[in-house]
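Since the structure is predicted, the reported quantities are computational estimates derived from the model, not experimental observations.
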Amino acid sequence: MLKPRGTWSKEEENMDQHWSLPVKMPILKSLGVADSKVSRAGTLPLRSSRNPFEEVSGLEEEAEELGTLPNGASCRRRATLEKLAGLAPFRLGRTPGRRAGSPGDEQPRSFLGRVLTPGIRRSSADFGLLARLQGIRAHGDEEAAGEAARRLAFLRLGRGPKPQRVSLAERVVPAGEAAPDPPPKVPEPPKVKEPLSVLEILSLIQQRELARADEHILELEAEELASSGGGAPGPPKAEGASGGRRARDVALLYEALQRELWALVRETLAGPGPGAGSGPGAVAQLGQVLVQEEAADGRRGPEAARKLRARWAEAVARAARERLEAAAPGAPGGLAGQLEALRGRLLEDMGVVRGRLAPSYPAGLGAFGVYLRGYHGALAEWIGAAARRRLPLADRYALLHWHNQVYPREVLGLVDMVALENGELGSLLSPGTLRGLEDECVTDVKAQTRAALLRVLQEDEEHWGSAEDWSSSLAQDVCELLEEHTERAPRISQEFGERMAHCCLGGLAEFLQSFQQRVERFHENPGVRELLPDTYISRTISLVNCGPLLRALAERLARVGPPESEPAREAAASALDRVTRLCHRVLTDLLFQELQPHFNKLMRRKWLSSSEALDGIVGTLGAKALALRRMQDEPYQALVAELHRRALIEYVRPLFRGRLRCGSTRTRSRVAGRLRDDAAQLQRLFRRLESQASWLDAVVPRLAEVLHLEDTPSIQMEVGMLVRDYPDIRRKHVATLLDIRGLRHTVARHEILAVARDLELSEGGALSPSRDHAFFADIPVPRPPFCLSLPLFLGRIPLSWLARLPWPRPPSPSRPRAQH
């Protein structure tokens with residue numbers, strides 16, 4: 001219960017005065033107490049430990065109880081004293097001279113940063129010392145933060161808010177008056193640029209800040225040059241080589257820089273883009289490094305130049321080689337599939353280079369050309385290695401076609417036509433390698449086609465003598481075997497196409513010669529007589545039908561091949577001509593054996609009044625022509641022309657044998673009329689059979705005119721036209737015609753024969769007509785009768801007596817005597 005103040009005693013009033021006095025704050029320098037049991041007045045009770053950096057769990061709770069100060073600041077943060085900063089041996093502080101943008105910008109300076117004089121670069125040895133003092137650098141920041149927290153744990157004391165002060169401007173300038181102009185700013189002294197250490201430059205390289213790292217490496221190289229006494233820097237030294245510490249640092253930094261540069265080259269080819277980040281891309285930094293180093297090489301001189309641009313091209317080539325080797329092995333389809341996979345990878349990667357990588361490089365580097373040459377060189381190595389292997393024929397064809405056609409047209413033609421036109425890239429394979437591949441192809445084709453052709457001929461020959469119905473495909477098989485090569489080779493190159501055509505034409509000529517020999521043996525074999533006539537004719541027509549396709553193939557190969565292919569073409573054509581003539585002769589003989597009885601009835605007296613013989617000839621030829629229609633057009637036309645010629649020869653042959661004698665004008669008129677009618681009927685027949693031998697249409701009518709005409713000049717004119725149209729007619733043929741019409745031992749006969757003789761002599765130097773246009777040469781003429789002029793009494797002497805008479809022998813030619 002409280003007492004009123006007037007009732008207090010003197011002792012209570014003294015105590016009231018004591019508590020009303022102001023209280024003093026504890027003195028911090030007497031925080032430590034020697035004895036924990038002794039309590040000193042006016043001090044805070046603390047632990048007995050003298051280590052101010054140990055964590056005190058009680059203080060953490062007290063700091064939370066204290067809360068915040070009136071101005072909102074934490075008591076824990078405001079309780080730091082400046083004296084405590086001197087307690088740490090590696091005090092942290094701001095560096096006034098740091099360069100903006102350098103690593104550790106606005107970061108506390110380390111112990112070595114305060115110890116070393118600003119402007120001196122820390123070397124790799126300094127950071128070795130720092131590692132020994134502070135331990136592993138990666139955990140240094142975490143340890144420093146933890147130690148600072150322990151160091152400041154005991155300082156969390158509450159402080160009141162700062163009082164609001166009146167600013168200096170309010171004290172100097174009264175209210176309501178205009179403020180004077182602020183004093184001019186004093187320019188700050190220039191900041192001292194502190195070089196980066198070796199490890200900091202290495203950190204820039206690892207962070208892919210390549211351009212800045214290269215700038216610092218160039219500065220470090222310049223310092224090393226200045227410390228060594230000037231002059232051009234020496235060539236890059238490998239690790240462990242003799243030289244100063246700074247030179248080794250420069251060499252190691254360049255090695256690290258190049259590793260990152262070339263790794264970037266590989267990654268950008270395989271990755272989605274030229275770089276990432278908000279700043280310039282990594283590829284742009286790579287290009288900047290190349291430009292900086294190229295400028296530095298100009299200062300270094302040719303002997304000391306690092307030639308980073310050439311090494312960049314080598315790195316591009318290595319990356320291209322890796323990309324191509326990774327694409328080819330897994331492709332299906334043998335070498336052709338691998339080449340197709342290479343084509344796809346080339347187009348894909350060059351599309352990335354053109355669209356995303358090349359624009360990120362500086363224009364002066366010619367990045368697209370460097371990448372194109374790198375891929376071209378890598379591809380040349382891959383193709384060269386494939387060409388050195390023992391490849392099958394199909395793979396050689398695929399390799400040559402891809403090298404000569406696909407790569408220039410479908411890769412370079414789409415990627416860079418200018419480089420293709422200028423010939424900057426060159427050929428993937430050397431001319432010697434290409435020639436070797438072509439030689440191997442030609443050799444293999446020659447061996448394979450010859451064996452295949454002989455096998456096909458043997459299989460086809462086995463069916464020739466069989467009585468079964470069978471359709472030959474020999475010509476089609478031969479064409480397919482050869483055209484497989486003759487069509488692929490020209491698509492590779494014109495020269496290779498010519499060589500392949502010459503090779504195939506030689507093989508075809510050899511095959512046709514063998515084919516001709518086997519056809520001859522087939523027709524000479526007596527066993528073929530056992531075949532039915534229709535079967536034998538069908539086999540012969542099948543053999544003839546091989547001619548047009550094989551002839552056309554030989555002509556085409558001769559046109560494509562070189563000039564020295566002409567002998568092979570002639571040999572092939574000659575073999576086919578022999579086969580065709582042989583088969584035509586066989587068919588013609590079979591047909592005319594059947595027609596011969598009808599031809600025997602011609603040129604007799606019954607023939608003058610009956611057309612039975614000619615009707616039989618025309619009917620038989622028309623019926624057999626249906627079977628001959630299965631023949632190809634070219635040999636069919638030749639066969640019909642031969643039938644036309646042979647039919648007319650057999651028609652006029654009995655006339656020249658002298659079966660008829662036309663002594664009277666009436667008889668000559670009847671014979672001439674009959675000849676004209678038969679000639680017209682035969683002409684209609686062979687026109688229906690599509691015969692092209694129109695030169696034979698006039699032979700029978702001209703013979704009829706010679707027999708019918710009466711006046712000598714007309715006969716002379718007709719004989720002249722006959723000799724002109726048929727050069728193979730001889731004077732004996734004209735004499736036989738004159739004998740048929742009964743013109744003997746007269747002046748007119750001699751005049752007519754004189755015309756034939758003169759024309760024969762005038763055309764003696766001319767070439768004889770070809771076998772296809774020969775007519776009278778195949779018509780034999782009987783010898784004229786031999787007459788003897790004997791006296792009348794000798795005519796009654798028997799012939800046996802005349803044989804016994806001593807007839808004078810003609811003088812024998814004198815022989816020269818042998819010289820002894």
Can you tell me how far CG of L482 sits from CG of D477, rounded to the nearest 0.5 angstrom? 11.0 Å
Would you mind reporting whether E642 and R581 have side-chain heavy atoms less than 4.5 Å apart? no
Over all atoms of both residues, closest heavy-atom pair of R676 and A704: CG-CB, 4.1 Å
Can you label the angle between the H463 ring and the W470 ring as parallel, tilted or perpendicular, going by 30° and 60°? parallel
Okay, side chain of S610, backbone of W607: is any donor-acceptor separation there less than 3.5 Å? no
Does atom CD (E530) have a neighbourhood of more than 12 heavy atoms from anything else shown, all under 6.0 Å? no
Is any NZ, NE, NH1 or NH2 atom of the basic residue among E650 and R646 found under 4.0 Å from an Asp or Glu carboxylate oxygen of the other? yes
Could D439 and R396 be called an ion pair, given the rule that one side-chain N must be under 4.0 Å from one carboxylate O? no
Test log, rule salt bridge (Lys or Arg N to Asp or Glu O under 4.0 Å), inputs R390 and D395: CA-CA 10 Å; R390 180 62 183 174; D395 287 350; over 6 Å; no
Donor-acceptor pair, distance only, cut-off 3.5 Å: does the side chain of R499 make one with the backbone of A489? no
Do M631 and L587 have side chains that get closer than 4.5 Å, going by heavy atoms? yes
Between the side chains of D589 and Q593, is a donor N or O closer than 3.5 angstrom to an acceptor N or O? no
Fit a plane to each ring of F599 and F592, take the angle between them on a 0 to 90° scale, and name the class: parallel (under 30°), tilted (30 to 60°) or perpendicular (over 60°). parallel
Are Q716 and V719 close enough that some pair of their side-chain heavy atoms sits under 4.5 Å apart? no
Taking all non-hydrogen atoms of both residues, which atom of A398 and which atom of A336 are closest, and how far apart? CB-CB, 4.1 Å
Determine, for E487 against R556, whether the closest basic-nitrogen to carboxylate-oxygen distance falls under 4.0 angstrom. no
Take E520 and Q516 through the side-chain hydrogen bond (donor to acceptor under 3.5 Å, both in side chains) test and state the conclusion after the steps. CA-CA 6 Å; E520 291 174 352; Q516 171 205 340; 3.0 Å; yes
CD-SG distance between Q448 and C441, expressed to the nearest 0.5 angstrom: 10.0 Å
Interatomic spacing from CG in L639 to NE2 in H644 - rounded to 0.5 Å: 13.0 Å
Salt bridge flag under 4.0 Å for residues D577 and R551: yes
So does E566 pair up with R569, basic N to acidic O under 4.0 Å? yes
Give a yes or no on whether E751 atom CD has more than 12 heavy-atom contacts from other residues, nucleotides or ligands under 6.0 Å away. yes
So, S538 side chain and D534 main chain: donor-acceptor pair closer than 3.5 Å or not? no
Is E710 paired with R668 through a side-chain N to carboxylate O contact shorter than 4.0 Å? yes
Is the shortest side-chain heavy-atom distance between V699 and Y651 below 4.5 Å? no
side-chain contact (heavy atoms from CB on, under 4.5 Å) for F515 and L474? Distances and angles first, verdict last. CA-CA 10 Å; F515 174 65; L474 178 63; 3.6 Å; yes
Main-chain N/O of V706 paired to R741 side chain as donor or acceptor, under 3.5 Å: yes
Rounded to the nearest 0.5 Å, how far does CD1 of I715 lie from CG of L722? 12.5 Å
If you measure from CG on L614 to NZ on K601, what distance do you get to the nearest 0.5 Å? 12.0 Å
Pairwise side-chain contact, E564 with H502, heavy-atom cut-off 4.5 Å (strictly under): yes
Check F656 against P780 and note the closest heavy-atom contact, atom names and distance. CB-O, 4.5 Å
Quick one: does H733's side chain have a donor or acceptor within less than 3.5 Å of a partner on I779's backbone? yes
To the nearest 0.5 Å, what is the distance between CZ (R657) and CG (L655)? 11.5 Å
Side chains of V528 and W464: closer than 4.5 Å at any heavy-atom pair? no
If you count the non-hydrogen atoms of other residues, nucleotides and ligands that lie under 6.0 Å from CD in Q476, is the total more than 12? yes
Closest approach of P548 to Q632 (non-hydrogen atoms, all atoms of both residues): CG-CB, 3.7 Å
How about R630 and Y636: do any of their side-chain heavy atoms sit closer than 4.5 Å? no
State whether a side-chain donor-acceptor pair under 3.5 Å links D697 with S694. no
side-chain contact (heavy atoms from CB on, under 4.5 Å) assessment of F776 paired with V652: CA-CA 10 Å; F776 288 97; V652 301; 5.8 Å; no
Does the pair Q637 and D633 meet the rule for a side-chain hydrogen bond (donor to acceptor under 3.5 Å, both in side chains), with working shown? CA-CA 6 Å; Q637 295 294 336; D633 289 340; 5.8 Å; no
Return yes if a side-chain donor-acceptor contact under 3.5 Å exists between S574 and R578, otherwise no. yes
Can any side-chain N or O of S514 pair as donor or acceptor with the backbone N or O of F511 at less than 3.5 Å? no
With side-chain contact (heavy atoms from CB on, under 4.5 Å) as the criterion, how do D778 and R645 come out once you've worked through the C-alpha distance, each side chain's angles and the decisive distance to 0.1 Å? CA-CA 10 Å; D778 293 336; R645 189 185 74 89; 2.6 Å; yes
Quick check: does any side chain N or O of N525 sit under 3.5 Å from a backbone N or O of R521, one acting as donor and the other as acceptor? no
Looking only at heavy atoms, which two atoms of L550 and L508 are closest? And how far apart? O-CD2, 4.0 Å
I'd like to check F775 versus D725 (side-chain heavy atoms, cut-off strictly below 4.5 Å). Are they in contact? no
Can you name the closest pair of heavy atoms from L543 and C583 and give their distance? CB-SG, 4.2 Å
Show your working on side-chain contact (heavy atoms from CB on, under 4.5 Å) between E612 and K606 and close with a plain yes or no. CA-CA 9 Å; E612 177 184 356; K606 188 178 179 180; 4.0 Å; yes
Any donor-acceptor pair under 3.5 Å linking the side chain of D728 with the backbone of A774? no
Tell me, please, which residues at least two apart from T486 pass side chain to side chain contact (heavy atoms under 4.5 Å, CB included). E483, C504, L557
Salt bridge E690-R629, side-chain N to carboxylate O under 4.0 Å: yes
Check: F496 ring centre within less than 6.0 Å of H485 ring centre: no
